[in-house]
Amino acid sequence: MKPGTAYRCLLLFFLACALCSAAEEAPVFRPELYLTSNRLPAPRSTFSFADYDSASCTIPFVRAGNLIIVKARVDTTEGNFILDTGAPHLVLNITYFRHYQSHVEAEAEQTSITGSGSALVKTKVSTFSLGRLQYYGGEADLVDLGHIENSKGIKVLGLLGMELFKQCELVIDYEKNLLYLHRLTRKEASSYQSEHLGDAAHYRTFPIELLKNRILITTTMEGKKMKFVFDCAAESNVLDSRSPDRIMKHVTITRRVLLTGANSRKVEALYGSLANLSMGDLQINTLPVLITNLERTCFSDLGCIDGVLGFDFLSGKKIGFNFVTRKMYVWK
């Protein structure tokens with residue numbers, strides 16, 4: 001990789017995994033890393049808000065597999081969007097937005113976990129609406145999301161990436177199938193008290209980092225600090241196969257799998273469980289993980305990233321983020 005290369009990743013974990021040594025069909029995980037890689041990217045046009053107004057809303061969601069699907073509107077087009085905190089920006093399905101004026105970003109490409117690449121195409125969006133939250137005048141990436149539609153059997157207009165939420169508190173209640181969103185004003189940044197927290201004995205608080213519109217969480221194992229990207233659209237957790245021996249000795253391998261990328265190329269990986277991972281005072285005794293090499297993925301520009309935490313970690317939890325104060329809440 002050339003010096004100065006940065007990778008931007010839309011973590012749409014969506015690869016079929018097949019057993020290498022058996023004829024039976026394997027479970028479908030979703031580890032397809034839809035990557036967007038840039039070398040020295042030009043500044044983006046980010047969305048703005050009307051007068052930086054505060055806004056709160058409760059948004060119902062449905063599940064397609066382990067994906068969170070909500071209704072949102074781009075200009076005059078309304079439909080299904082996937083909540084994807086692993087995606088840095090708003091992503092639109094090119095199938096439904098071909099009529100938008102677009103351009104290819106120089107020295108940028110889309111790639112998948114199998115290493116294929118194609119040009120990165122962008123477009124301009126006048127307005128975007130999610131519940132009571134209104135956004136104006138930003139850019140979106142145009143990507144073919146047909147493989148997700150075919151797998152899940154639903155029409156998908158796009159992905160809701162982190163750029164849309166960086167001024168917000170976001171609470172995901174998997175039990176009630178509800179999203180709670182509150183956009184903080186500048187005045188609220190230091191004084192805002194969430195109505196969802198209540199008694200501190202009912203939840204744990206963890207610090208998070210936001211780096212290039214991705215959520216980073218620090219964990220520990222065997223005295224080593226490990227950084228994971230949090231991605232609510234990842235249906236499988238991922239562990240970097242280059243992890244040191246003192247980490248890998250806690251992994252129990254259950255089978256080999258093949259990861260099939262959007263270009264139909266296949267990459268061999270392993271699937272199993274990771275034991276004894278700690279996040280603050282939370283002990284994660286067993287964590288299902290897909291084990292693959294992350295060296296050539298989107299994480300290179302984030303420094304040393306050890307893996308991804310997805311739905312397998314979240315399942316059954318109520319979880320919240322205040323992206324202004326950089327805190328994550330996990331209800332007990």
How long is the straight-line distance from [atom2] of [Y] back to [atom1] of [X], given to the nearest 0.5 Å?
X	Y	atom1	atom2	result
Asp306	Leu277	CG	CG	9.5 Å
Leu83	Ile68	CG	CD1	5.0 Å
Leu130	Arg183	CG	CZ	10.0 Å
Thr123	Ile94	OG1	CD1	9.0 Å
Lys166	Ile215	NZ	CD1	13.0 Å
Cys232	Ile319	SG	CD1	9.0 Å

Should [X] and [Y] be counted in the same cluster of Ile, Leu, Val, Met, Phe, Trp and Tyr side chains packed under 4.5 Å apart?
X	Y	value
Leu270	Met226	yes
Val171	Phe230	no
Met279	Trp331	no
Val70	Tyr180	no
Leu178	Val330	no

Between [X] and [Y], which heavy-atom pair has the shortest distance, and what is it?
X	Y	answer
Phe128	Val74	CD1-CG2, 3.6 Å
Ser102	Val121	CB-CG1, 3.6 Å
Leu184	Glu188	CA-OE1, 3.3 Å
Lys155	Leu157	CE-CD2, 3.8 Å
Asp231	Gly86	OD1-N, 3.1 Å
Ala234	Val308	CB-CG1, 4.1 Å

Cation-pi check, Lys122 onto Tyr100 ring (under 6.0 Å, within 45° of axis):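 Not flagged: Lys122 not positioned over aromatic ring of Tyr100.
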Donor-acceptor under 3.5 Å ([X] side chain, [Y] main chain):
X	Y	value
Asp75	Thr127	yes
Ser243	Asp240	yes
Asn177	Pro60	no
Asn237	Gly310	yes
Thr220	Gly223	no
Arg132	Ala55	no

Might you confirm whether atom [atom1] of [X] has over 12 heavy atoms from other residues, nucleotides or ligands at distances under 6.0 Å?
X	atom1	value
Gln283	CD	yes
Lys332	NZ	yes
Glu78	CD	yes
Arg73	CZ	no

Is the closest side-chain heavy-atom distance between [X] and [Y] below 4.5 Å?
X	Y	answer
Leu145	Ile82	no
Ile247	Lys224	yes
Cys168	Val324	no
Val143	Leu92	no
Met328	Ile217	yes
His89	Leu159	no
Val229	Ile305	yes
Phe97	Thr77	yes

Are the aromatic rings of [X] and [Y] close, with centres under 6.0 Å apart?
X	Y	result
Phe81	Phe61	no
Tyr329	His196	no
Phe321	Phe206	no
Phe165	Phe323	no

Side chain to side chain donor-acceptor pair (under 3.5 Å) between Thr218 and Lys227, worked out: CA-CA 5 Å; Thr218 300; Lys227 287 190 180 292; 3.2 Å; yes
Criterion salt bridge (Lys or Arg N to Asp or Glu O under 4.0 Å) on Arg214 and Glu209, from CA distance to verdict: CA-CA 8 Å; Arg214 297 190 197 90; Glu209 300 175 57; over 6 Å; no
Distance-only donor-acceptor check, side chains His250 and Glu222, under 3.5 Å: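 Yes, Glu222 and His250 have a side-chain donor paired with an acceptor closer than 3.5 Å.
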Residue pair Leu90, Leu164: steps toward the side-chain contact (heavy atoms from CB on, under 4.5 Å) verdict: CA-CA 7 Å; Leu90 175 66; Leu164 301 172; 4.2 Å; yes
Worked verdict on Ile291 versus Val251 for side-chain contact (heavy atoms from CB on, under 4.5 Å): CA-CA 9 Å; Ile291 303 157; Val251 176; 3.4 Å; yes
Criterion side-chain contact (heavy atoms from CB on, under 4.5 Å) on Met221 and Leu274, from CA distance to verdict: CA-CA 10 Å; Met221 177 180 284; Leu274 176 66; 3.7 Å; yes
Passing candidate, side chain to side chain contact (heavy atoms under 4.5 Å, CB included) with Glu149, options Asp144, Asn80, Asn93: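 Result for side chain to side chain contact (heavy atoms under 4.5 Å, CB included) with Glu149: Asn93.
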From CA spacing to verdict: side-chain contact (heavy atoms from CB on, under 4.5 Å), Leu67, Lys152: CA-CA 9 Å; Leu67 300 178; Lys152 301 302 182 184; 4.0 Å; yes
